[in-house]
Every structure is written in structure tokens, then in C-alpha cells.
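First the structure, in the form of C-alpha cells, and then the observations on it.
Computed from heavy atoms alone, side chains included, the values below leave out hydrogens, waters and symmetry copies.
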Amino acid sequence: MKRRSGIAILLLAPMLALTACTPAATGTLGLLRQRDGSLEVLVRLCHGSVDLLELRAVNSFPPNQDGDPDGWTNVKTKEFNLPEPISGEGEVAMPFREQTLGKDVLFAVKAFGENAESGLFSASELAAVKPGEVLTPIGMFASDIYDSSDDPVVSPEEFERFAEDFCS
């Protein structure tokens with residue numbers, strides 16, 4: 001019996017350590033295309049505050065394409081310290097130049113202090129967001145509770161409903 005308990009602990013300990021390293025999302029981010037074509041990061045937190053934005057490559061896009069499927073791993077993560085922490089909700093101009101996004105890479109914007117995340121996007125998907133639309137992480141969560149499809153591009157009003165539902 002002692003031997004089984006010891007083996008179980010040895011097997012479970014690394015899994016617990018890995019889950020402890022990634023905090024649960026406590027908010028959501030939307031990327032709003034302004035009328036002038038610029039992007040704004042909409043920060044909606046359930047609690048706490050954020051003081052850092054990060055643009056991170058998460059995979060190749062489209063996955064399993066011909067060529068170098070691991071090329072995205074060479075894309076450096078970019079960080080931007082916010083001038084002031086954001087608590088609750090706030091907006092900040094997108095601190096990363098859209099033109100610098102690699103065309104065959106899938107990206108995410110993350111906010112830290114607390115943990116919030118945008119939807120995943122490629123350069124072409126982000127470029128397709130029209131003025132007045134918001135790219136969201138709706139499709140990454142159980143969207144059957146929302147009045148939307150899994151389409152990650154929504155109106156600002158639908159993003160606000162999603163953010164409110166996310167925190168409830």
C-alpha cells in the first residue's frame with residue numbers, strides 16, 4: 001500500500017506543479033479596430049489589475065503547412081509595460097506594430113499582473129477585422145452560453161456582454 005501511494009505521489013507531483021505554473025484567466029482582452037485603422041486593446045478584468053502586455057507567437061498558421069512548421073518558435077515575445085496599471089476595465093492603444101507580425105504565425109496578446117488573454121490570430125485574420133469590430137477569445141471558451149457564434153470577430157457591444165458573462 002505504501003509503495004502505491006509513493007508511486008501515485010511521484011506521478012501526480014509533476015502534473016500539479018505544471019498546473020500551478022499557469023494561472024487561470026481572470027479577465028479577457030479584445031482587439032478593437034478603430035475608424036482610422038489603428039488597434040486598441042480592450043482590457044476587461046474580473047478582479048485585480050494588469051501592468052504588462054505581451055505579444056506571443058503560439059503556433060504556426062496554418063498548422064502543419066509546408067515549409068518550416070517550427071518557424072514560429074523563432075519569433076521573439078514582445079512585452080510592453082503599461083504606463084499605469086489597469087484595474088477593472090480600460091483601453092490602451094495596441095503597443096505592437098501590426099506590420100511586424102509574421103504572416104505564417106499564430107499570435108495571442110496577453111495581459112499580466114492578473115492573467116487575461118485575447119483570441120488567437122494570424123496577421124491576415126487581424127488585418128480582416130473591420131473598423132468598429134473586436135477580435136475576441138469567444139471561440140476559445142464554451143460559447144454555447146453566449147448569444148454568439150464561435151466567430152471571434154464581434155461588435156463592441158457583444159464583446160462587453162461576453163466580458164460580463166466571463167466574469168460572472
Is it true that a side-chain atom of Thr136 and a backbone atom of Pro152 form a donor plus acceptor pair closer than 3.5 Å? yes

For Gln34, does the CD atom sit with more than 12 other heavy atoms under 6.0 Å from it, leaving out its own atoms? yes

Quick one: are Pro137 and Phe166 in side-chain contact, heavy atoms under 4.5 Å? no

Looking at Ser87, is its backbone amide N or carbonyl O close enough to the side chain of Ser49 to form a donor-acceptor pair, meaning the two atoms are under 3.5 Å apart? no

Is any side-chain N of the basic residue among Lys110 and Glu117 closer than 4.0 Å to the acidic one's carboxylate O? yes

Give a yes or no on whether a salt bridge exists between Arg44 and Glu91, defined as a side-chain N under 4.0 angstrom from a carboxylate O. yes

Check: Leu53 and Lys78 side chains under 4.5 Å, non-hydrogen atoms: no

With a 4.5 Å limit on heavy-atom distance, are the side chains of Leu55 and Thr77 in contact? no

Looking at Glu160 and Glu157, would you say the former's side chain and the latter's main chain have a donor-acceptor pair under 3.5 Å? no

Atom CD in Glu98, atom OG1 in Thr100: separation rounded to 0.5 Å? 9.0 Å

Any idea which heavy atoms bring Leu29 and Ala116 closest together, and the distance? CD1-O, 3.9 Å

Derivation of the side-chain contact (heavy atoms from CB on, under 4.5 Å) call for Asp51 and Glu84: CA-CA 7 Å; Asp51 56 7; Glu84 291 183 27; over 6 Å; no

Evaluate the criterion side-chain contact (heavy atoms from CB on, under 4.5 Å) for residue pair Arg56 and Val75; output intermediate values, then yes/no. CA-CA 8 Å; Arg56 175 179 290 188; Val75 177; over 6 Å; no

Side chains of Arg33 and Leu39: does their closest heavy-atom pair fall under 4.5 Å? yes

Rounded to the nearest 0.5 Å, how far apart are OG of Ser122 and CG of Leu101? 9.0 Å

Please report the shortest heavy-atom distance between Val50 and Ala111, naming the atom on each side. CG1-CB, 3.8 Å

Counting C-beta onward and ignoring hydrogens, is there a side-chain heavy-atom pair between Leu52 and Leu82 closer than 4.5 Å? no

Quick one, Phe159 with Leu42, criterion side-chain contact (heavy atoms from CB on, under 4.5 Å). Give me CA distance, side-chain angles, the key distance, then yes/no. CA-CA 9 Å; Phe159 172 72; Leu42 306 177; 3.7 Å; yes

So do Val134 and Val153 actually touch side chain to side chain, heavy atoms under 4.5 Å? no

Heavy-atom distance under 4.5 Å between the side chains of Val105 and Phe107, does that happen here? yes

Give the C-alpha distance, both sets of side-chain angles, the deciding distance and a yes or no for side-chain contact (heavy atoms from CB on, under 4.5 Å) between Phe121 and Val129. CA-CA 11 Å; Phe121 58 90; Val129 176; over 6 Å; no

Glu54 to Phe112 - nearest heavy-atom pair and separation: OE1-CE1, 3.5 Å

Check for a donor-acceptor pair, side chain of Glu133 on one end and backbone N or O of Lys130 on the other, with a separation under 3.5 Å. yes

Would you say that Val41 contacts Leu31 through its side chain, given a criterion of any heavy-atom pair below 4.5 Å between the two side chains? yes

